Amino acid sequence: QVRLVESGGGSVQPGGSLRLSCVTSGGTLNFYAIHWFRQAPGKEREGVSCISSSDGNTDYADSVKGRFTISRHNANNTVSLQMNSLKPEDTAVYYCAAAYYTDSLICDADRVSADYWGQGTQVTVSS
């Protein structure tokens, strides 16, 4: 049973930084890219970023390009999302998820579906 557990959420002032982590366990995730999604109150879930299962290719939503960085640490089955220059509109519950791709070299940050999900972590950006 694949399991994903997020951590690192919290409250920060505008312009601040947070680092989210997603630890995977319970199975091999070959051909599964790891995605970060977010959902703000009253809004639809949106893709934020993803990293492919091979070669670590990444993709970002336009709203976070240049501010967020996704990275993979294979030694401890962790994918991190470094979030800098945070804005109030980044406030949301952030979810880590694993999504299957037939091509292990790609992922698409605009994708909104996934096969395995974490429980989510709250990020609040407010002064």
Side-chain angles (χ1 to χ4, degrees):
Q1 181 78 15
V2 174
R3 187 165 179 241
L4 300 97
V5 179
E6 305 98 333
S7 62
S11 295
V12 66
Q13 293 186 340
S17 298
L18 283 174
R19 186 177 181 90
L20 304 183
S21 293
C22 172
V23 178
T24 64
S25 63
T28 57
L29 290 174
N30 295 333
F31 290 90
Y32 284 84
I34 301 299
H35 285 248
W36 285 98
F37 297 91
R38 66 187 181 186
Q39 188 164 20
K43 294 188 176 182
E44 293 187 354
R45 182 173 62 209
E46 64 172 340
V48 174
S49 181
C50 60
I51 187 164
S52 66
S53 60
S54 295
D55 286 0
N57 296 312
T58 61
D59 194 25
Y60 298 90
D62 288 343
S63 59
V64 306
K65 278 181 182 175
R67 301 189 297 123
F68 290 12
T69 303
I70 191 171
S71 58
R72 179 191 294 270
H73 315 280
N74 290 329
N76 54 6
N77 295 326
T78 301
V79 171
S80 299
L81 185 68
Q82 178 66 40
M83 306 186 296
N84 298 329
S85 302
L86 282 161
K87 305 174 181 180
E89 51 264 44
D90 294 317
T91 295
V93 177
Y94 283 71
Y95 298 91
C96 167
Y100 180 80
Y101 288 80
T102 56
D103 186 343
S104 64
L105 296 175
I106 66 168
C107 69
D108 180 1
D110 290 331
R111 178 171 176 164
V112 294
S113 65
D115 300 282
Y116 302 100
W117 292 84
Q119 82 286 354
T121 186
Q122 177 70 46
V123 171
T124 302
V125 185
S126 173
S127 55

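None of these values were measured; they are calculated from a predicted model.
- Under the 4.5 Å side-chain heavy-atom criterion for ILVMFWY residues, no single connected hydrophobic cluster contains both L20 and F37.
- With hydrogens and angles disregarded, a donor-acceptor distance shorter than 3.5 Å links the side chain of Y60 to the backbone of I70.
- Between Y100 and Y32, the ring centre distance stays below 6.0 Å.
- Panel note: side chain S63, backbone A61; no donor-acceptor pair is recorded below 3.5 Å.
- Under a hydrophobic clustering in which Ile, Leu, Val, Met, Phe, Trp and Tyr are joined whenever their side-chain heavy atoms come within less than 4.5 Å, directly or via other members, V12 and Y94 fall into the same cluster.
- Hydrophobic clustering (side-chain heavy atoms under 4.5 Å, transitive across Ile, Leu, Val, Met, Phe, Trp, Tyr) keeps V93 apart from V123.
- Here the side chain of T91 pairs a donor or acceptor atom with the backbone of V125 at under 3.5 angstrom.
- Linking Ile, Leu, Val, Met, Phe, Trp and Tyr whenever their side-chain heavy atoms come within less than 4.5 Å puts V48 and V79 in one cluster.
- Between atom CG of residue N77 and atom CG of residue L29 there is a gap of 8.0 Å, rounded to the nearest 0.5 Å.
- Using modelled atom types, one side-chain atom of R45 and one backbone atom of V112 make a donor-acceptor pair closer than 3.5 Å.
- To the nearest 0.5 Å, atoms CZ (F31) and CD1 (I106) are separated by 11.0 Å.
- A distance of 12.0 Å separates CZ of R67 from OG of S49, quoted to the nearest 0.5 Å.
- Between the D108 side chain and the D110 main chain, a donor and an acceptor come within less than 3.5 Å of each other.
- Under the salt bridge (charged side-chain N to carboxylate O under 4.0 Å, His left out) criterion, D62 pairs with K65, not counting sequence neighbours.
- Linking Ile, Leu, Val, Met, Phe, Trp and Tyr residues whenever their side-chain heavy atoms come within less than 4.5 Å leaves Y95 and F68 in two separate clusters.
- Contact between Q119 and V5 at its shortest, heavy atoms only, is OE1-CA, 3.8 Å.
- Under a 3.5 Å cut-off, the side chain of R3 and the backbone N or O of G26 do not form any donor-acceptor pair.
- Of the possible polar contacts, one joining the E6 side chain to the G120 backbone as a donor-acceptor pair under 3.5 Å is found.
- Between the side chain of R72 and the main chain of S52, a donor-acceptor pair closer than 3.5 Å is present.
- Residues T28 and N30 bring no donor and acceptor atom of their side chains to less than 3.5 Å of each other.
- Checked by atom type and distance alone, the side chain of D59 pairs as donor or acceptor with a backbone atom of A109 at under 3.5 Å.
- At least one donor-acceptor pair closer than 3.5 Å links the side chain of R111 to the backbone N or O of S113.
- At least one side-chain heavy atom of P14 sits less than 4.5 Å from a side-chain heavy atom of P88.
- When side chains are defined from C-beta on, I34 counts as touching C96, because their heavy atoms get closer than 4.5 Å.
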